[in-house]
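A quick note: this is a predicted structure, and the numbers were derived from the prediction, not measured.
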There are 2 protein chains.
Amino acid sequence: MKTNALFKRSYNQALDMLAATQVEAALPSEPAMAATLGISRTTVRAVLAALAMRGIITIDGRAKQLLRLPKRNDYIADADLEPLADMVERKFMAWLVGPDCSPGHTINGLDLARQFGVSTSAIRDCLGKFSHFGLLERQSNGRWRTLGLTVDFVAELFDMRELIEFRAVDRFVALPKDDPLWGDLSLLADEHHALLDDFERRNREFSDLDHRFHKLVDSVVPNRFLGNIQGVMSVIFHYHYQWNKKDESARNHRALGEHLAYIEGLRSGDLSQARESCRLHLHTARSTMLASINPG
Amino acid sequence: MKTNALFKRSYNQALDMLAATQVEAALPSEPAMAATLGISRTTVRAVLAALAMRGIITIDGRAKQLLRLPKRNDYIADADLEPLADMVERKFMAWLVGPDCSPGHTINGLDLARQFGVSTSAIRDCLGKFSHFGLLERQSNGRWRTLGLTVDFVAELFDMRELIEFRAVDRFVALPKDDPLWGDLSLLADEHHALLDDFERRNREFSDLDHRFHKLVDSVVPNRFLGNIQGVMSVIFHYHYQWNKKDESARNHRALGEHLAYIEGLRSGDLSQARESCRLHLHTARSTMLASINPG
DNA sequence: AATTTGTTTTTTATATAAAAAGAGCAGTTA
DNA sequence: TAACTGCTCTTTTTATATAAAAAACAAATT
């Protein structure tokens with residue numbers, strides 16, 4: 001049956017909300033809570049019922065009241081709060097780059113299902129997703145073969161990225177000076193400087209900033225296929241950098257500088273300067289990725 | 001349970017083989033038949049058992065003999081020989097461009113399953129596939145929304161195609177003169193001329209030739225993400241042109257001519273000529289597609 | 001009259017079950 | 001001794017069943 005991860009997440013969120021409420025205060029209506037939590041009223045009602053059962057609130061028709069502030073052990077342990085598909089994806093990526101899987105390996109879905117503690121359906125969905133990402137191949141007999149996170153794969157991924165981003169740069173430079181994107185770019189530049197100023201403490205925030213910066217640049221050429229490719233890239237980057245913490249700080253510092261040069265290139269209005277600063281940055285990113293995949 | 005389309009196809013193929021055999025002749029071994037039909041011995045045995053049951057052959061250990069030649073009604077009707085996934089895909093594409101579906105429409109998986117006469121799992125797989133193709137979108141509440149085969153979609157599809165093929169052209173022109181691809185290109189040019197010479201009768205063969213031509217050009221820049229995009233394109237083209245037979249002959253004739261100019265452009269070694277002939281052809285393809293989607 | 005709650009109906013996500021197809025082994029035959 | 005058959009075990013594919021979540025509806029309250 002379906003997992004109730006949504007319920008558990010919402011329950012904990014509701015506890016957070018109650019923690020900021022006065023005891024004996026009246027609680028908002030069900031539709032209001034549903035809107036706040038971004039879930040359906042059905043789930044809100046399930047959460048409210050559970051809270052009442054635990055003695056945290058009382059419900060009498062539309063009179064809902066907070067009886068006591070939530071305590072630490074009222075929360076549902078976050079062990080199984082992750083959506084199933086995310087968990088499978090995470091474990092699968094770990095398996096894919098781990099020692100149990102070499103490129104060209106034939107995948108045994110049943111075996112993976114047992115290893116991950118999920119049903120074969122979940123594995124099937126996951127395999128389908130990654131095959132669209134080009135990490136797997138479906139053979140004629142219906143079996144799956146890994147292609148692996150190889151040097152070739154990364155090279156092709158970056159080829160595609162460069163193709164797309166170079167075109168975006170061309171369009172970006174040509175934007176009229178009153179386009180709102182220039183303002184967004186300025187804000188991002190400020191964020192870069194702020195991060196540099198407090199780099200020791202905040203360097204881990206770079207990953208998010210990087211994502212937003214490239215997303216902004218690419219947004220001048222909206223294309224849903226590009227979205228797909230960016231999806232692959234963020235999955236790869238996400239897992240990749242999770243396993244390669246070595247030199248993370250130095251890497252981020254260098255990238256920050258390159259971003260600023262890239263932003264200057266865009267602002268200069270000079271196409272060749274913009275292209276060159278973009279090329280430099282993407283080249284560094286490619287080398288970093290290749291070096292950490294192939295550390296030999 | 002799993003469909004036995006493979007068994008049925010193999011059974012009919014076996015009948016074809018038997019039709020070319022002498023009555024009372026000894027039949028090949030199971031492994032031999034498995035290799036010939038490209039299936040496992042398990043399925044061969046199921047087919048042989050069915051043939052024996054029908055009195056077409058006798059089996060006694062390894063002594064297998066043809067009793068009588070197969071007749072027309074020995075064949076399994078080809079109604080359900082199509083793999084399930086293909087059938088669902090076909091029906092889904094038809095539904096997607098049909099009157100029951102407008103862009104932005106929320107998809108009811110259960111309803112589609114009933115309409116198509118398949119289980120919801122099959123629909124789910126199909127929706128997953130098309131979402132990677134950018135024709136559908138998954139909403140936060142887990143529902144699917146159609147984006148539809150709109151003008152925007154086609155524009156983005158062709159943007160991507162042009163981006164990829166222009167780059168391929170650059171690389172193609174720079175190939176050394178002894179590269180085997182030049183020979184392949186010559187063969188394709190010959191096929192184009194042969195098709196033009198007998199255009200009245202054979203113009204329907206253009207679709208296949210078109211596919212092979214572009215595949216050859218793009219093969220100079222191997223990239224698995226590109227393969228994904230080409231996958232979308234062939235699905236779209238396949239269904240699109242199936243429903244738009246109008247002006248097909250004239251369209252194919254024009255494209256043949258453009259292909260030949262394109263081939264000349266590549267052979268000339270002159271980059272700007274190659275690019276221009278490519279641009280012209282892709283531009284025509286784009287207009288044709290847009291015109292037939294938006295006939296108003 | 002506009003919300004809110006209580007209840008019912010739909011729809012989705014996942015596990016389970018079962019058929020189909022593949023893989024492999026041991027004994028047998030040519 | 002090399003290939004073949006009969007059998008068993010494994011893996012994949014699909015349908016079905018069921019819990020979770022959403023949506024819709026109706027009665028009640030402010």
Length of the line joining B:Arg9:CZ and C:dA21:C1', which is rounded to integer Å: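 Roughly 12 Å, once rounded to whole Å.
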
Could you tell me the separation between the NZ atom of A:Lys64 and the P atom of C:dT3, rounded to a whole number of Å? 16 Å

ring-ring contact (aromatic ring centres under 6.0 Å, His included) partners of [X], counting only residues at least two apart:
X: B:Phe116; value: none
X: B:Phe133; value: B:Phe130
X: B:His132; value: A:His132

Applying salt bridge (charged side-chain N to carboxylate O under 4.0 Å, His left out), can you list everything that pairs with [X], at least two apart in sequence or on another chain?
X: B:Glu156; result: A:Arg224
X: A:Lys91; result: none
X: A:Arg54; result: A:Asp74

Contacts to DNA chain C from residues 105-129 of chain A, heavy-atom cutoff under 4.0 Å, which residues? A:Ser119, A:Ser121

Of A:Pro28 and B:Ala46, whose closest DNA chain C nucleotide lies nearer the 5' terminus? A:Pro28

Residue pairs involving residues 23-41 of chain A (criterion salt bridge (charged side-chain N to carboxylate O under 4.0 Å, His left out); sequence neighbours excluded):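 For residues 23-41 of chain A: A:Glu30-A:Arg41, A:Glu30-A:Arg45.
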
Summary of salt bridge (charged side-chain N to carboxylate O under 4.0 Å, His left out) pairs that have at least one residue in residues 103-120 of chain B, sequence neighbours excluded: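 Every candidate salt bridge (charged side-chain N to carboxylate O under 4.0 Å, His left out) pair involving residues 103-120 of chain B fails, so no pair, neighbours aside, qualifies.
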
On DNA chain D, reading 5' to 3', which nucleotide is the first and which the last to sit with an atom under 4.0 Å from a heavy atom of chain B, could you check?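 For DNA chain D, the relevant span reads D:dC4 to D:dA23.
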
Contact string for nucleotides 22-30 of chain C, one letter per nucleotide 5' to 3', B = base within protein heavy-atom range under 4.0 Å, S = sugar-phosphate only, - = neither, reads BBB---BB-

Examine distances only and state if a side-chain atom of A:Thr146 and a backbone atom of A:Ser102 form a donor-acceptor pair shorter than 3.5 Å. yes

Does anything in residues 12-42 of chain B pair up under ring-ring contact (aromatic ring centres under 6.0 Å, His included), and if so which pairs, sequence neighbours excluded?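 Checked against ring-ring contact (aromatic ring centres under 6.0 Å, His included) - neighbours excluded - no pair reaches residues 12-42 of chain B.
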
